[in-house]
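See structure below.
Just so it is clear, the values below take in all heavy atoms, side chains as well, and ignore hydrogens, waters and symmetry mates.
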Protein chains: 2
Amino acid sequence: MNRPIRTRRQATLASLAAELGVSRTTVSNAYNRPDQLSPELRRRVLETARRLGYPGPDPVARSLRTRKAGAVGLLLTENLSYAFRDPAAVGVLEGLALACEDAGVGLHLVPASPGREDRETTAAVHRAGVDGFVVYSVPDDDPHLAAVLQRPVPTVIVDQPQIDGVDRVGPDDASATATLAGHLVELGHRQVGVLCMRLARDRNDGFVPISRQQEAHYHVQRTRLATLADTFEAAGVDWQSVPVVERFEHTVDDGASAARQLLDAYPRVTALICTSDILALGAMAEAGRRGLRVPADLTITGFDGIAEATRAGLTTVHQPVLEKGKAAGRLLLGAGDRVTPKVITLPTELRVGTTSAPPRTAEERWFGP
Amino acid sequence: MNRPIRTRRQATLASLAAELGVSRTTVSNAYNRPDQLSPELRRRVLETARRLGYPGPDPVARSLRTRKAGAVGLLLTENLSYAFRDPAAVGVLEGLALACEDAGVGLHLVPASPGREDRETTAAVHRAGVDGFVVYSVPDDDPHLAAVLQRPVPTVIVDQPQIDGVDRVGPDDASATATLAGHLVELGHRQVGVLCMRLARDRNDGFVPISRQQEAHYHVQRTRLATLADTFEAAGVDWQSVPVVERFEHTVDDGASAARQLLDAYPRVTALICTSDILALGAMAEAGRRGLRVPADLTITGFDGIAEATRAGLTTVHQPVLEKGKAAGRLLLGAGDRVTPKVITLPTELRVGTTSAPPRTAEERWFGP
DNA sequence: GTGAAAGCGCTAACAA
DNA sequence: TTGTTAGCGCTTTCAC
């Protein structure tokens, strides 16, 4: 396959019109409103365009004029690499991409390197030529988010944070978590431990004091922890005594190391509650390494319901991630001039797998079942 | 968190300048060249901007003026969903995203729904406000690709197709495949079967005649098949007699069904050569289902070297997918006004795992090892 | 350090 | 069916 030499965009709509001896409108119409001119003339226009190497109306100029960029921006503070590795995130991304595809608009991934927090960092947000933004799971004090909110375009937030006046799509974390916690309480677990994701932008790989739990900048994690606390307190458990281990990175390995850290210090916990499936998968690996049988010796639960979790038989809360992304895209694209913000709450479902069971009694622990 | 009422973009750079009683230049400088005006004045400008709810220079207008969109377009014909599911594709995507992040430019995913092939379909390509395109693994007759090539911006193709005058990043498929095939020949395999990916835009789930192999519109697949043919012919195998099964979709399940189809018809093959790890993984699953031990009863090889393959001990050709994406991004972003097209060939490495071994002799087959 | 002028390339009333 | 007229909002020489 060969290609023609590329002339450095000399041809413009205007020069084409001049060449043809018609007005710019006519050329424009040839591209945008075929019904506004005779087929014959249109053919001539397109033909001459090809001859002159005119690639069609410049997209940027058109955007400026029509006030439509034909793209939606996606902000995820995390390194993209992360997004591509977490199946739950991929699901959201995929759903969003699908919605964009349907609408024929592009998906513009905004480069938001965390770390550098100066004005330069948020510049990418201001530079993005988009008709709206989808923000996926960022902390409530994220500077990029602030920048997005300044832009005069509609915005939809997925999962977190919750901000008054801004559209949001996400599950009801409180009730989902309450259901999960209820399941564990019912099974009889009272000595539990928790593995959670990043709670703020500063790194804290280790145990989490109550204060940090309550001040978490990630609303989703905050809600899940608070709901767990409420539910277990109601069952007579002193939440102060419940170990919570945080991990900055969200990988299976980090889940494993978090489980190790927790179990080393609290070997008597009967259940490990993880705020994501990824962490739970890591916890299961660590349990295996220690010779702990799941669920006989240790109950482990996750959150999200990713395929790997289902395959592993994990007890978890499933949420429709693909739908979440789709809903966000559709909400944004169909935003129009809606005045009242919309909140879409997606259904979740407790999926009891083979990793949760009643705790063994002390006697069973020492003397076998 | 609350947010201010959003005024429908009334403020512009001009109105701000008017309000302040300064020229537009000054306001522009306040944003783009802080050193061109007194700190005091700059402060006043920014302050007034905030008061008026001016979100900073409009990105589209700026792009038109500066002739820089601040984004690179990514074209992958396949549904995005596919891209997100194939680890090799995700690697490329991730590498590209990394390169974009480094350069502070956005990554614009072009919606390219396959199927509809009319002018409307390629419109998205023409509508994308980008400074260049990365094209990932599309057939050589793809209309979107043709549209991309018409746009007066630099383009880098990853993997396929190979087009004269266009930058390309990819492995040396021929030599990589030759090495792999050599390994199998050396082990003694002469009765082999091949599982390959889509060869053209039309669906053909089944056996592939030589003609279709040679006319494949996916250059990578074509090269791999041709190289296999050459290598085995050189070893005395009549390629005409070698079954090749194609699958349109690229999933583990399709790999399994392809293996089934091939093994049902050719139960005596001693090795299954798959042009991707995904297909190979499926083939392994099918082998297991049939009670065939790998590699004792059947040798299976893949291509790509994805993590799952390594975990499964698959004999495969590893290629640095992340680097591939990064290289593409950097090549594009650093394109400048280069005249001579550049081709970057990435290194590959044969990784012999636990799925390849010498074929059993006929006697062994019937009477045990 | 600041301002005036000249477009970037295009589309959309409105007229003819 | 085609052309005229106005900008969309911004940056950038080049004077002052």
Side-chain angles (χ1 to χ4, degrees), chain A residues 7-45 48-49 52-70 123 126-131 151-153, chain B residues 7-45 48-49 52-70 123 126-131 151-153:
Chain A
T7 44
R8 271 251 156 270
R9 172 172 266 279
Q10 41 187 338
T12 74
L13 185 142
S15 71
L16 219 196
E19 170 83 16
L20 280 157
V22 302
S23 82
R24 306 204 296 278
T25 308
T26 302
V27 178
S28 176
N29 281 339
Y31 284 96
N32 305 316
R33 314 188 167 176
D35 52 316
Q36 294 297 298
L37 73 176
S38 65
E40 161 57 15
L41 178 55
R42 178 170 137 92
R43 202 194 48 65
R44 245 184 72 217
V45 172
T48 310
L52 262 54
Y54 176 65
D58 179 280
V60 174
R62 162 188 271 155
S63 290
L64 175 59
R65 184 61 239 234
T66 61
R67 316 261 51 199
K68 289 241 143 289
H126 283 113
R127 245 186 266 285
V130 298
D131 299 318
R151 294 275 309 262
V153 295
Chain B
T7 43
R8 269 250 154 269
R9 172 172 267 280
Q10 40 188 340
T12 75
L13 185 144
S15 71
L16 218 196
E19 170 84 15
L20 280 158
V22 302
S23 81
R24 307 207 292 281
T25 309
T26 302
V27 177
S28 177
N29 282 338
Y31 284 96
N32 304 316
R33 314 188 165 176
D35 52 316
Q36 294 296 298
L37 72 177
S38 65
E40 162 56 14
L41 178 55
R42 179 170 137 92
R43 203 193 48 65
R44 244 185 74 217
V45 173
T48 310
L52 262 54
Y54 176 65
D58 179 280
V60 175
R62 160 188 274 155
S63 289
L64 175 57
R65 186 59 237 237
T66 61
R67 315 262 49 188
K68 287 243 143 288
H126 283 114
R127 244 185 265 287
V130 299
D131 299 317
R151 293 277 308 262
V153 293

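- Atom-to-atom, NZ of B:Lys68 to P of D:dG9 comes out at 23 Å; the value is rounded to the nearest Å.
- As a whole-Å value, the separation of B:Leu64 CG from C:dA6 P is 18 Å.
- When each of D:dG9, D:dT11, C:dT11 is scored by its nearest atom to the side-chain atoms of B:Asn32, the top-ranked nucleotide is D:dT11.
- Applying the side-chain contact (heavy atoms from CB on, under 4.5 Å) criterion to B:Ala30, with sequence neighbours excluded, gives B:Leu37, B:Arg42, B:Val45, B:Leu46.
- The CG-P distance, from B:Asp35 to C:dT2, rounds to 12 Å in whole Å.
- The shortest side-chain heavy-atom distance between A:Val60 and B:Val60 falls under the 4.5 Å cut-off.
- Counting only heavy atoms from C-beta outward, the side chains of B:Leu13 and B:Tyr31 never approach each other to under 4.5 Å.
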With B for base contact, S for sugar-phosphate-only contact and - for none (protein heavy atoms under 4.0 Å), nucleotides 2-7 of chain D reads BBBBBB
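- Between C:dG9 and B:Arg67, a contact under 4.0 Å exists linking OP1 or OP2 to a side-chain N or O.
- Regarding contacts with the backbone of C:dG9, every side-chain N or O of A:Tyr31 stays at 4.0 angstrom or more from both OP1 and OP2.
- In this structure, the CZ atom of A:Arg62 is 19 Å from the P atom of C:dC8, given to the nearest Å.
- One finds a side-chain N or O of A:Ser28 lying less than 4.0 angstrom from the OP1 or OP2 phosphate oxygen of C:dT11.
- Rounded to whole angstrom, the span from the NE2 atom of B:His126 across to the C1' atom of C:dG9 amounts to 16 Å.
- Using a cut-off of 4.0 Å between Lys/Arg side-chain N and Asp/Glu carboxylate O, B:Arg151 and B:Asp131 are scored as not salt-bridged.
- When rounded to the nearest whole Å, the span between CG of B:Asp58 and P of C:dC8 equals 18 Å.
- Here salt bridge (Lys or Arg N to Asp or Glu O under 4.0 Å) pairs that include residues 25-41 of chain A, with residues two or more places apart or in two chains, are A:Glu40-A:Arg43.
- Candidate nucleotides D:dT12, D:dC8, D:dC10 were compared by shortest atom distance to the side chain of B:Thr66, and D:dT12 ranks first.
- Going from atom OG of B:Ser15 over to atom CG of B:Leu20 covers 9.5 Å, rounded to the nearest 0.5 Å.
- Look at CD on A:Glu19: it is 18 Å from C1' on C:dG9, rounded to the nearest Å.
- Comparing B:Pro39 and B:Ala61 along DNA chain C, the residue whose closest nucleotide (by nearest heavy atom) sits nearer the 5' end is B:Pro39.
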For residues 21-28 of chain A, which side-chain N or O atoms pair as donor and acceptor with protein atoms under 3.5 Å away, sequence neighbours left out?
residue : atom : partner : partner atom : Å
A:Ser23 : OG   : A:Thr25 : N            : 3.2
A:Ser23 : OG   : A:Thr26 : N            : 3.3
A:Ser23 : OG   : A:Thr26 : OG1          : 3.4
A:Ser28 : OG   : A:Asn32 : ND2          : 3.3

